2 protein chains.
Amino acid sequence: MTKVTATSDSHLSGVAIWRRIADAVRLDIVGGKLARGDKLAGEMELAERFGANRHTVRRALQALAAEGVIRTEQGRGSFVDSAKRLSYPIGRRTRFSEGLAGQASELRRQVLGTRLENASASVAAALGLVSGAKVTRLDTVSLADGRPISRATSWVVYRDFPDFAARFAGEQSTTAVFAGLGVSDYVRASTRISARHADAEETALLKLAPGAILLVSEGVDADVNGRPILYGLSRFPADLMELVV
Amino acid sequence: MTKVTATSDSHLSGVAIWRRIADAVRLDIVGGKLARGDKLAGEMELAERFGANRHTVRRALQALAAEGVIRTEQGRGSFVDSAKRLSYPIGRRTRFSEGLAGQASELRRQVLGTRLENASASVAAALGLVSGAKVTRLDTVSLADGRPISRATSWVVYRDFPDFAARFAGEQSTTAVFAGLGVSDYVRASTRISARHADAEETALLKLAPGAILLVSEGVDADVNGRPILYGLSRFPADLMELVV
DNA sequence: TCAACTTGTCTAATGAACTAGACAACTTAG
DNA sequence: CTAAGTTGTCTAGTTCATTAGACAAGTTGA
């Protein structure tokens, strides 16, 4: 378990001690050191381990209980109440549902909306367009067993696929939509991965605790001729997901 | 620029408002929205944008100035004083120095130490050993232009490469060490990527602000026959680095 | 039943975080 | 030079984070 230097520099970090303790304990759980049903150390022992007060530890445990990660019972202790992280595979043939099959019993992609917009500098660069060119934007949230696990935004060149938005309403899968538009196959041309804190909108949509960390995956899909067809920006809660290359 | 809902839920997140503002502004800088030398919005405008007090914004800017990300001048404003994120390539032939060549003028790997230890459950599983088998552990910190950009730990099967630790003292590159041990080529068999907050030791070694986010890359290198030879765990400051697949 | 150990709840005190307002000091454009 | 706009620095008050100690309430095993 990771040690947190408590009192000395909590005011320098801007991150409350109870949150750092909660993060450390959650890491042991989603990282596999503690399995579902395991008993956590007692509040006194945790307080000593982190060099903090028992009340501070209690606040961390309350946050984890509110997230559904642990469950606390008076007189007995706290127990792990969640599973390991899901692994999202990334490769040349990244497909959403195939990769997670077997790790969750129910996968669903929910469309937040589509709209036509002018490509920003970064979107235009990724798709090989001039800045301001028309693109179709698709916003989605994906759920595994009812729990949100990713927030994705995709941009498609409007000139090449004017029907993209309309077709997506009927189909649930990007692969199927492109198949209907004459693109029988596509591959991931490049992927960039970074990490940051979730903003307010992401916190709400992904039902996260405020201040949660996101893994951000940014990539371009290209057809068999290497022409860019889709630019995607996916955000995964780092506590729930890991990316496997 | 990302909006932060300020007063309403700062106490629920455990992350101070000034830190969230600092993170949002830093994200605009390392993400490329603001270039070196650009002028930031004024303190009043930032305060309004984030729904916070000017004093709170000032604290965020002071933190960024202390990190060396911006520079503030009385009567004039604040200016960007740092460059974009470095991109670390990940693929079947991940090599440290090759990938970053051209992005920094000086790359250095510093050996913190080597030691013989018994494989933990996760290390044993990755290398295909029984738990407790002897492995050589190597701890390093890498620097680009004098700035720490990664903290890595590697484990090598002792039985297969008993001289690994000794040889690493002379050579600076893992590739060169394996070449001297008869492994002419090796490839990355698998990579898992996650993200979390830095702990106290990582914060110190990587010279980070407390509470910084790390990208964690975990992978196994295998020789041409597919036999695992090295298990590596690398941690990159998410503000300085992104991973490119 | 009893003793030891667990979590739950209360009071109290200190310091940091945040807000609010005012004014000084500096820079720039007119 | 002047006016407008910028950052720097005070004071003051409220809320939250953290510590400390004490005791209640539930669980477990001897």
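Throughout, protein chains are lettered first and strands after them, A, B, ... in sequence-line order, and every chain is numbered starting at 1. This one's a predicted model, so the numbers in the text were calculated from it and none came from an experiment. FYI, side chains are in, hydrogens and waters are out, and symmetry mates aren't considered; it's all heavy atoms of this structure.
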Sidechain-backbone polar pair: B:Glu202 side chain, B:Asp199 backbone, donor-acceptor under 3.5 Å: yes
Any donor-acceptor N/O pair, B:Asn118 side chain to B:Lys134 backbone, under 3.5 Å: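 A pair under 3.5 Å: no.
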Check this one for me: any side-chain N or O of [X] less than 4.0 Å away from OP1 or OP2 of [N]?
| X | N | answer |
| --- | --- | --- |
| B:Arg76 | C:dT28 | yes |
| B:Thr56 | C:dA17 | no |
| A:Arg54 | D:dA20 | no |
| A:Arg58 | C:dT7 | no |

For the pair made of [atom1] in [X] and [atom2] in [N], what is the distance, rounded to whole Å?
| X | N | atom1 | atom2 | result |
| --- | --- | --- | --- | --- |
| A:Lys39 | C:dT7 | NZ | C1' | 10 Å |
| B:Glu43 | D:dG5 | CD | C1' | 12 Å |
| B:Glu73 | D:dT6 | CD | P | 15 Å |
| B:Met44 | C:dA22 | CE | P | 11 Å |
| A:Gln74 | D:dC23 | CD | P | 18 Å |
| B:Leu61 | D:dT6 | CG | C1' | 13 Å |

No-H, no-angle donor-acceptor pair, A:His55 side chain to D:dA20 base, under 3.5 Å: yes
Ring geometry between A:Tyr231 and A:Trp155 (parallel below 30°, tilted from 30 to 60°, perpendicular above 60°): parallel
Side chain of B:Asn53 (C-beta onward), nearest among D:dA20, C:dA20, C:dT7: C:dA20
Note: A:Arg20-A:Asp23 ion pair, threshold 4.0 Å (strictly below): no
